[in-house]
2 protein chains.
Amino acid sequence: MSTTTDAARPASLSIGALAGRSGCKRQTIRWYEEIGMLPEAARTEGGHRVYGPQHLARLEFIRHARGLGFPLDDIRTLLDLSGQPGRSCDEVHEIGARLLDAVDARMRRLAAVREELHRIVASCTTGGPAASCRILDALADHHHDGCAAQSDTGAVG
Amino acid sequence: MSTTTDAARPASLSIGALAGRSGCKRQTIRWYEEIGMLPEAARTEGGHRVYGPQHLARLEFIRHARGLGFPLDDIRTLLDLSGQPGRSCDEVHEIGARLLDAVDARMRRLAAVREELHRIVASCTTGGPAASCRILDALADHHHDGCAAQSDTGAVG
DNA sequence: CATGGGGGCTACAGCGACTGTAGGTTCAAG
DNA sequence: CTTGAACCTACAGTCGCTGTAGCCCCCATG
């Protein structure tokens, strides 16, 4: 184990190195700093940001939580809570449970959409003229909806 | 069946009436017009928009397709294609199939996220101090990821 | 005919969570 | 010392809306 320049856990990182290790883009890191998700980085004399291992850990936490669908506000709360270890973890649990409910709801909705979409796409025999296209029929026909038009599937295409 | 003022399919609609019938908000309708998803409405002398049944049909098409997760650009294409019925429906089919793929991918990812989230939340016994909270442990620990951090779960909470 | 209020109008800012660009500066390797 | 990659700031754009401010129109009632 070396002292100052450990390749695995270096004591100081440029924004590019931090980006490489965390999987975030440089812009995203700067933006996280701007909105207060990351503490302000130290600077070199020339103004370049300098990060330490604690920034990497925090960024990994954020990224992992983001990957699970937590909104940044919740992540901020989680980070605050983990910073004051005396507090009850009820709030943490509640955030997780709330997100789990939201994920479940989203999955149900997505499943319904998938079914309709599958039915619509399967009903269309390719090659015909658009005039007789059942996909267009199905989209134009709002009557046997089943699931339509509450939004919140998320942008997908 | 009356002639000019059929309650079910009126010959002309204010933006509010169109909003009520289509389920879109007035702002959304104006915005759709602004970005060319809807043709410009006729106006009264005082400048109020006046819509006909064709606007309602188009808006219903848009709303249904949006409900299925189609992005507006795809919907525009679909609407263009349905306006030129001679063209092959291959392109329509391709858009639908592409969306179906995206929905499938999103469902798989969401299922993986749900599992991890469930595991994390279930591992946490409420009531303890945040210092020993397994949710925070799990989020801080990026090593047994399984699914993490590729984005695209969609904002959920 | 006046008035009140509900709906309409435009224009623009904001959301979430970034991404991309332009134009300039710094750093480190050769 | 030179070069060019990496960095800096600031700001616009993405997607699909939503909300606000401040004014105007239209119709029904008195």
Side-chain angles (χ1 to χ4, degrees), chain A residues 5 10 12-38 40-51 59 62-77 99 102 106 149-157, chain B residues 5 12-38 40-51 55 59 62-77 99 102 106 149-157:
Chain A
T5 332
S12 85
L13 294 160
S14 69
I15 195 170
L18 183 61
R21 270 152 211 279
S22 67
C24 291
K25 303 198 167 186
R26 276 165 300 168
Q27 273 106 324
T28 306
I29 295 171
R30 284 193 279 256
W31 179 71
Y32 280 169
E33 179 178 320
E34 198 181 319
I35 63 169
M37 290 298 296
L38 285 176
E40 283 189 28
R43 301 285 184 132
T44 65
E45 285 191 7
H48 288 200
R49 288 174 179 81
V50 178
Y51 296 96
L59 200 46
I62 294 171
R63 200 164 150 71
H64 191 184
R66 281 293 301 137
L68 289 170
F70 286 91
L72 287 178
D73 269 2
D74 284 352
I75 299 173
R76 220 187 300 256
T77 305
L99 184 65
R106 177 169 278 253
Q150 255 51 259
S151 83
D152 200 36
T153 315
V156 159
Chain B
T5 332
S12 85
L13 294 159
S14 69
I15 195 171
L18 183 61
R21 270 155 211 277
S22 68
C24 292
K25 303 199 166 182
R26 278 164 299 170
Q27 273 106 322
T28 305
I29 295 171
R30 284 193 280 256
W31 179 70
Y32 280 168
E33 180 178 319
E34 198 181 318
I35 62 169
M37 291 295 298
L38 285 176
E40 284 191 26
R43 301 284 185 135
T44 64
E45 285 191 7
H48 287 201
R49 289 174 178 82
V50 179
Y51 296 95
H55 292 96
L59 201 47
I62 295 171
R63 201 164 148 70
H64 190 184
R66 282 293 300 137
L68 289 170
F70 285 91
L72 287 177
D73 269 2
D74 285 351
I75 299 173
R76 222 189 299 257
T77 306
L99 184 65
R106 178 170 277 253
Q150 255 49 263
S151 84
D152 201 33
T153 315
V156 156

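This structure is a prediction, so every number in the text was calculated from the model and none was measured. Residue numbers start from 1 in every chain, and the chains themselves are labelled A, B, ... in the order their sequence lines are given, proteins ahead of strands.
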Chemist: May I ask you to evaluate whether A:R26 reaches the phosphate of C:dG20, defined as a side-chain N or O under 4.0 Å from OP1 or OP2?
Modeler: no

Chemist: Counting the atoms with a prime plus P, OP1 and OP2 as sugar-phosphate, which does A:R30 contact under 4.0 Å by heavy atoms, base, sugar-phosphate, or nothing?
Modeler: base

Chemist: CZ of A:F70 versus C1' of C:dG16: gap in Å, rounded?
Modeler: 17 Å

Chemist: Any idea which heavy atoms bring B:Y32 and B:C24 closest together, and the distance?
Modeler: CE1-SG, 4.4 Å

Chemist: Which nucleotide sits closest to the side chain of B:H48: D:dT18, D:dC25, D:dC7?
Modeler: D:dC25

Chemist: Using a cut-off of less than 4.0 Å, is there contact between a side-chain N or O of B:R66 and OP1 or OP2 of D:dC15?
Modeler: no

Chemist: Please determine whether a side-chain nitrogen or oxygen atom of B:T28 lies at a distance below 4.0 Å from atom OP1 or OP2 of D:dG16.
Modeler: no

Chemist: Kindly indicate, with the supporting measurements, whether the criterion side chain to side chain contact (heavy atoms under 4.5 Å, CB included) is fulfilled by A:V50 and A:R43.
Modeler: CA-CA 5 Å; A:V50 178; A:R43 301 285 184 132; over 6 Å; no

Chemist: Using whole Å, what does the distance between atom P of nucleotide D:dA6 and atom CD1 of A:I29 come to?
Modeler: 14 Å

Chemist: Write down the atom of B:H55, the atom of B:L38, and the distance for their closest heavy-atom approach.
Modeler: O-CD2, 4.2 Å

Chemist: If the cut-off is 4.0 Å, is B:R43 near the phosphate of C:dT10, judged by side-chain N/O to OP1 or OP2?
Modeler: yes

Chemist: Nearest whole angstrom, please: distance from the P of C:dG7 to the OH of B:Y51.
Modeler: 16 Å

Chemist: Roughly how many Å is it from CZ in A:R63 to C1' in C:dA17, rounded to a whole number?
Modeler: 13 Å

Chemist: Given C:dA17, is OP1 or OP2 found less than 4.0 Å from the side-chain N or O atoms of A:Y32?
Modeler: no

Chemist: Look at B:S14 and C:dG8 and indicate whether a side-chain polar atom (N or O) is within less than 4.0 Å of OP1 or OP2.
Modeler: yes

Chemist: Using heavy atoms to find the nearest nucleotide of DNA chain D for B:K25 and B:L72 separately, return the residue whose nucleotide is more 5′.
Modeler: B:L72

Chemist: Can you tell me the distance, in whole Å, between the CH2 atom of B:W31 and the C1' atom of C:dT10?
Modeler: 18 Å

Chemist: Taking only N and O in the side chain of B:R49, is any of them less than 4.0 Å away from OP1 or OP2 of C:dC9?
Modeler: yes

Chemist: Using side-chain heavy atoms (C-beta onward) and a distance below 4.5 Å, is B:R30 in contact with B:R49?
Modeler: yes

Chemist: Do A:L59 and A:L18 touch side chain to side chain, with heavy atoms closer than 4.5 Å?
Modeler: yes

Chemist: In whole Å, what is the span from the CD atom of A:E33 to the C1' atom of D:dC8?
Modeler: 12 Å

Chemist: Would you tell me if any nitrogen or oxygen in the side chain of A:T44 comes within less than 4.0 Å of OP1 or OP2 on C:dC27?
Modeler: yes

Chemist: Specify the separation, in whole Å, of atom CD1 of B:I15 and atom P of C:dG6.
Modeler: 19 Å

Chemist: To the nearest Å, how far apart are B:I35 CD1 and D:dG16 P?
Modeler: 8 Å

